[in-house]
Amino acid sequence: MTDTPRKNALPWLIVSIVVIVLDQLSKAWVLNSLPEYTAVPVIDGFWNWYRSYNTGAAFSFLSDAGGWQKYFFAILAIGISGLLGYWLSRAARSDWKTALPYALVIGGAIGNVIDRMLHGHVVDFIQWYWRDYHWPSFNIADSAIVAGAIGIAVYGLFSKPESEK
(Lines give C-alpha, C1' and ligand atoms only; values in the text may rest on other atoms or scores of the structure.)
Protein backbone atom coordinates (compact mmCIF):
# COMPACT_ATOMS: atom_id res chain seq x y z
CA MET A 1 0.00 0.00 0.00
CA THR A 2 1.40 3.43 -0.92
CA ASP A 3 0.84 6.53 1.14
CA THR A 4 -0.92 9.32 -0.68
CA PRO A 5 0.71 12.69 -0.08
CA ARG A 6 -1.01 14.75 2.54
CA LYS A 7 -2.34 18.08 1.29
CA ASN A 8 -0.19 20.53 3.22
CA ALA A 9 -0.85 24.21 3.83
CA LEU A 10 1.91 25.55 1.55
CA PRO A 11 -0.64 26.99 -0.92
CA TRP A 12 -1.45 29.48 1.85
CA LEU A 13 1.84 31.15 0.88
CA ILE A 14 -0.26 32.87 -1.81
CA VAL A 15 -1.54 35.04 1.06
CA SER A 16 2.09 35.89 1.89
CA ILE A 17 2.72 36.89 -1.73
CA VAL A 18 -0.39 39.10 -1.75
CA VAL A 19 0.79 40.82 1.47
CA ILE A 20 4.26 41.39 0.00
CA VAL A 21 2.87 42.82 -3.25
CA LEU A 22 0.38 45.12 -1.49
CA ASP A 23 3.06 46.22 0.97
CA GLN A 24 5.63 47.02 -1.72
CA LEU A 25 3.11 48.75 -4.00
CA SER A 26 1.89 50.91 -1.12
CA LYS A 27 5.47 51.83 -0.18
CA ALA A 28 6.29 52.71 -3.80
CA TRP A 29 3.26 55.02 -3.79
CA VAL A 30 4.40 56.56 -0.50
CA LEU A 31 7.95 57.15 -1.73
CA ASN A 32 6.68 58.76 -4.94
CA SER A 33 3.74 60.73 -3.54
CA LEU A 34 4.04 61.67 0.13
CA PRO A 35 6.32 64.32 1.58
CA GLU A 36 8.66 63.19 4.36
CA TYR A 37 7.61 63.79 7.95
CA THR A 38 4.51 65.76 6.99
CA ALA A 39 1.05 64.72 8.13
CA VAL A 40 -1.51 64.34 5.35
CA PRO A 41 -4.94 63.92 6.97
CA VAL A 42 -7.06 60.96 5.89
CA ILE A 43 -9.62 61.09 8.72
CA ASP A 44 -9.14 64.31 10.66
CA GLY A 45 -8.54 63.68 14.34
CA PHE A 46 -7.68 59.99 13.86
CA TRP A 47 -5.62 59.01 10.79
CA ASN A 48 -2.84 60.58 8.73
CA TRP A 49 -0.56 59.46 5.96
CA TYR A 50 2.84 60.22 7.45
CA ARG A 51 5.96 59.12 5.59
CA SER A 52 8.70 58.14 8.02
CA TYR A 53 11.46 55.57 8.29
CA ASN A 54 12.33 52.98 10.89
CA THR A 55 15.84 51.54 11.08
CA GLY A 56 14.86 49.43 14.09
CA ALA A 57 12.07 46.99 14.82
CA ALA A 58 8.71 47.48 16.54
CA PHE A 59 8.43 50.91 18.17
CA SER A 60 11.90 51.79 16.76
CA PHE A 61 13.61 49.18 18.97
CA LEU A 62 17.38 49.38 18.28
CA SER A 63 16.88 52.16 15.72
CA ASP A 64 20.02 53.97 16.87
CA ALA A 65 22.24 50.87 17.04
CA GLY A 66 24.61 51.95 14.28
CA GLY A 67 23.53 49.86 11.30
CA TRP A 68 24.21 46.25 12.32
CA GLN A 69 20.55 45.88 13.28
CA LYS A 70 19.54 45.96 9.58
CA TYR A 71 21.19 42.57 9.08
CA PHE A 72 20.11 41.23 12.45
CA PHE A 73 16.43 41.97 11.78
CA ALA A 74 16.67 40.67 8.21
CA ILE A 75 18.23 37.37 9.36
CA LEU A 76 15.70 37.09 12.20
CA ALA A 77 12.76 37.69 9.84
CA ILE A 78 14.07 35.20 7.27
CA GLY A 79 14.66 32.61 10.00
CA ILE A 80 11.17 33.04 11.47
CA SER A 81 9.63 32.95 7.99
CA GLY A 82 11.52 29.74 7.24
CA LEU A 83 10.32 28.15 10.45
CA LEU A 84 6.72 29.19 9.80
CA GLY A 85 7.03 27.92 6.22
CA TYR A 86 8.22 24.57 7.56
CA TRP A 87 5.26 24.48 9.95
CA LEU A 88 2.96 25.29 7.02
CA SER A 89 4.37 22.27 5.20
CA ARG A 90 3.38 20.12 8.18
CA ALA A 91 -0.09 21.64 8.67
CA ALA A 92 -3.23 20.47 6.93
CA ARG A 93 -4.31 22.67 4.02
CA SER A 94 -7.79 22.99 5.51
CA ASP A 95 -6.44 24.24 8.86
CA TRP A 96 -6.93 27.93 8.09
CA LYS A 97 -6.70 28.92 11.77
CA THR A 98 -3.05 27.88 11.66
CA ALA A 99 -2.20 28.59 8.02
CA LEU A 100 -3.61 32.11 7.67
CA PRO A 101 -1.76 33.63 10.65
CA TYR A 102 1.51 31.97 9.59
CA ALA A 103 1.10 33.25 6.03
CA LEU A 104 0.37 36.78 7.25
CA VAL A 105 3.49 36.85 9.44
CA ILE A 106 5.64 35.47 6.60
CA GLY A 107 4.34 38.07 4.12
CA GLY A 108 4.80 40.95 6.55
CA ALA A 109 8.26 39.85 7.62
CA ILE A 110 9.49 39.47 4.04
CA GLY A 111 7.88 42.80 3.04
CA ASN A 112 9.93 44.57 5.70
CA VAL A 113 13.09 42.61 4.82
CA ILE A 114 12.78 43.89 1.25
CA ASP A 115 12.71 47.45 2.61
CA ARG A 116 15.74 46.86 4.83
CA MET A 117 17.76 45.46 1.93
CA LEU A 118 16.64 48.09 -0.62
CA HIS A 119 16.61 51.20 1.55
CA GLY A 120 18.43 50.36 4.77
CA HIS A 121 15.23 51.04 6.73
CA VAL A 122 11.52 50.24 6.72
CA VAL A 123 9.15 52.76 5.14
CA ASP A 124 6.22 53.57 7.45
CA PHE A 125 3.26 55.72 6.47
CA ILE A 126 0.11 54.96 8.45
CA GLN A 127 -0.27 57.15 11.52
CA TRP A 128 -3.17 56.81 13.93
CA TYR A 129 -3.68 59.28 16.71
CA TRP A 130 -6.16 60.57 19.23
CA ARG A 131 -5.74 64.09 20.54
CA ASP A 132 -2.08 64.32 21.64
CA TYR A 133 -1.42 60.57 21.58
CA HIS A 134 0.17 59.31 18.34
CA TRP A 135 0.61 55.60 17.75
CA PRO A 136 3.98 54.93 16.07
CA SER A 137 3.71 54.98 12.28
CA PHE A 138 3.42 51.60 10.60
CA ASN A 139 2.78 49.96 7.23
CA ILE A 140 0.90 47.08 5.62
CA ALA A 141 3.65 44.56 6.45
CA ASP A 142 3.50 45.57 10.12
CA SER A 143 -0.29 45.18 10.06
CA ALA A 144 0.02 41.67 8.61
CA ILE A 145 2.59 40.69 11.24
CA VAL A 146 0.40 41.95 14.08
CA ALA A 147 -2.76 40.31 12.68
CA GLY A 148 -0.88 37.04 12.22
CA ALA A 149 0.67 37.15 15.68
CA ILE A 150 -2.75 37.81 17.23
CA GLY A 151 -4.16 34.88 15.25
CA ILE A 152 -1.36 32.59 16.40
CA ALA A 153 -1.83 33.66 20.03
CA VAL A 154 -5.63 33.43 20.01
CA TYR A 155 -5.68 30.06 18.29
CA GLY A 156 -2.93 28.82 20.61
CA LEU A 157 -4.75 29.97 23.72
CA PHE A 158 -8.25 28.83 22.83
CA SER A 159 -7.76 25.63 20.85
CA LYS A 160 -7.75 22.22 22.46
CA PRO A 161 -4.76 19.96 21.98
CA GLU A 162 -5.30 16.94 19.68
CA SER A 163 -5.26 14.62 22.71
CA GLU A 164 -8.32 16.37 24.16
CA LYS A 165 -10.39 16.32 20.96
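For the single chain, residues carry numbers from 1 onward in sequence order.
- Scored by the side-chain contact (heavy atoms from CB on, under 4.5 Å) test, Ile43 finds Phe46, Trp47 as partners (sequence neighbours excluded).
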Throw together a table of side-chain donor-acceptor distances under 3.5 angstrom for residues 101-111, partners on residues two or more places apart or in other chains.
none

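- Here the straight-line distance linking atom CG of Leu31 with atom CG of Leu118 works out to 10.0 Å at 0.5 Å rounding.
- At least one side-chain heavy atom of Gln24 sits under 4.5 Å from a side-chain heavy atom of Asp115.
- Leu25 forms part of a hydrophobic cluster together with Ile17, Val21, judged by ILVMFWY side-chain heavy-atom separations under 4.5 Å.
- For the side chain to side chain donor-acceptor pair (under 3.5 Å) test, residues two or more places apart in sequence or in another chain that qualify with Thr98 are Asp95.
- Taking CZ from Phe73 and CG from Asn54, the interatomic distance works out to 8.5 Å, rounded to the nearest 0.5 Å.
- Annotation: side-chain hydrogen bond (donor to acceptor under 3.5 Å, both in side chains) contacts involving residues 14-23, sequence neighbours excluded, comprise Asp23-Lys27.
- For residues 6-28, no residue pair satisfies the ring pair (Phe, Tyr, Trp, His ring centres under 6.0 Å) rule, not counting sequence neighbours.
- Leu13 contributes atom CG, which lies 9.5 Å from atom OG of Ser89 (distance to the nearest 0.5 angstrom).
- Annotation: salt bridge (Lys or Arg N to Asp or Glu O under 4.0 Å) contacts involving residues 77-94, sequence neighbours excluded, are absent.
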Sequence neighbours excluded and cut-off under 3.5 Å, please list the side-chain donor-acceptor pairs for residues 74-81, or say none.
unit_1, atom_1, unit_2, atom_2, d
Ser81, OG, Ala77, O, 2.8

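- Closest non-hydrogen pair, Leu88 versus Ala99, comes out as CD2-CA, 3.6 Å.
- Arg51 contributes a side-chain N or O that, together with a main-chain N or O of Leu34, makes up a donor-acceptor pair within less than 3.5 Å.
- Nearest heavy-atom pair across Ala39 and Pro41 is O-CD, 3.7 Å.
- Asp142 pairs by the salt bridge (charged side-chain N to carboxylate O under 4.0 Å, His left out) definition with nothing, not counting sequence neighbours.
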Dump the intermediate steps for side chain to side chain contact (heavy atoms under 4.5 Å, CB included) on Ile114 and Ile20, then the final yes or no. CA-CA 9 Å; Ile114 291 169; Ile20 293 166; 3.8 Å; yes
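- Remark: Trp29 engages Trp49 in a ring pair (Phe, Tyr, Trp, His ring centres under 6.0 Å) (not counting sequence neighbours).
- Remark: Tyr37 engages Tyr50, Ser52, Tyr53 in a side-chain contact (heavy atoms from CB on, under 4.5 Å) (not counting sequence neighbours).
- With rounding to the nearest 0.5 angstrom, the OG atom of Ser94 is 10.0 Å from the NZ atom of Lys7.
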Sequence neighbours left out, cut at 3.5 Å: what donor-acceptor pairs do the side chains of residues 119-128 make with other protein atoms?
unit_1, atom_1, unit_2, atom_2, d
His121, ND1, His119, O, 3.2
Asp124, OD1, Asn139, ND2, 2.9
Gln127, OE1, Asn48, ND2, 2.9

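- Cluster membership check: Trp130 does not share its hydrophobic cluster with Phe138, using side-chain heavy-atom separations under 4.5 Å among Ile, Leu, Val, Met, Phe, Trp and Tyr.
- Met117 contributes atom CE, which lies 11.0 Å from atom CG of Asn112 (distance to the nearest 0.5 angstrom).
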